[in-house]
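In what follows, a single structure is set out as structure tokens and then discussed.
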Amino acid sequence: MTGKQEREKEWAGGTESYSLAEKNGVTTLIVKTDVPQEQEETFNIRFPRALERIKMLAEKMQ
């Protein structure tokens, strides 16, 4: 499983945390990240796309 091992090494030391907060019927997804410096650019490009997809799916479920 070389690919998995390489991926684990790339993200070693990085963290992501997610929480949901609700106020007046509006739910907000709160994301905190700490990624390795060499992964910042990739993360800054891909992560907003992923969050937009999550938003779209959540709103579709309403």
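Any value given below was found using the heavy atoms of this structure, including those in side chains, with hydrogens, waters and symmetry copies removed.
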Applying side-chain contact (heavy atoms from CB on, under 4.5 Å), name anything that partners T27, two or more places apart in sequence or on another chain.
-> L20, E22
Mind checking the CE-CE spacing from M61 to M56? Nearest 0.5 Å is all I need.
-> 12.0 Å
Contact check, side chains of F47 and V35, non-hydrogen atoms, under 4.5 Å | no
Kindly state each residue pair satisfying salt bridge (charged side-chain N to carboxylate O under 4.0 Å, His left out) with at least one member in residues 47-56, sequence neighbours excluded.
-> K55-E59
Listed partners of I54 passing side-chain contact (heavy atoms from CB on, under 4.5 Å), at least two apart = L29, L51
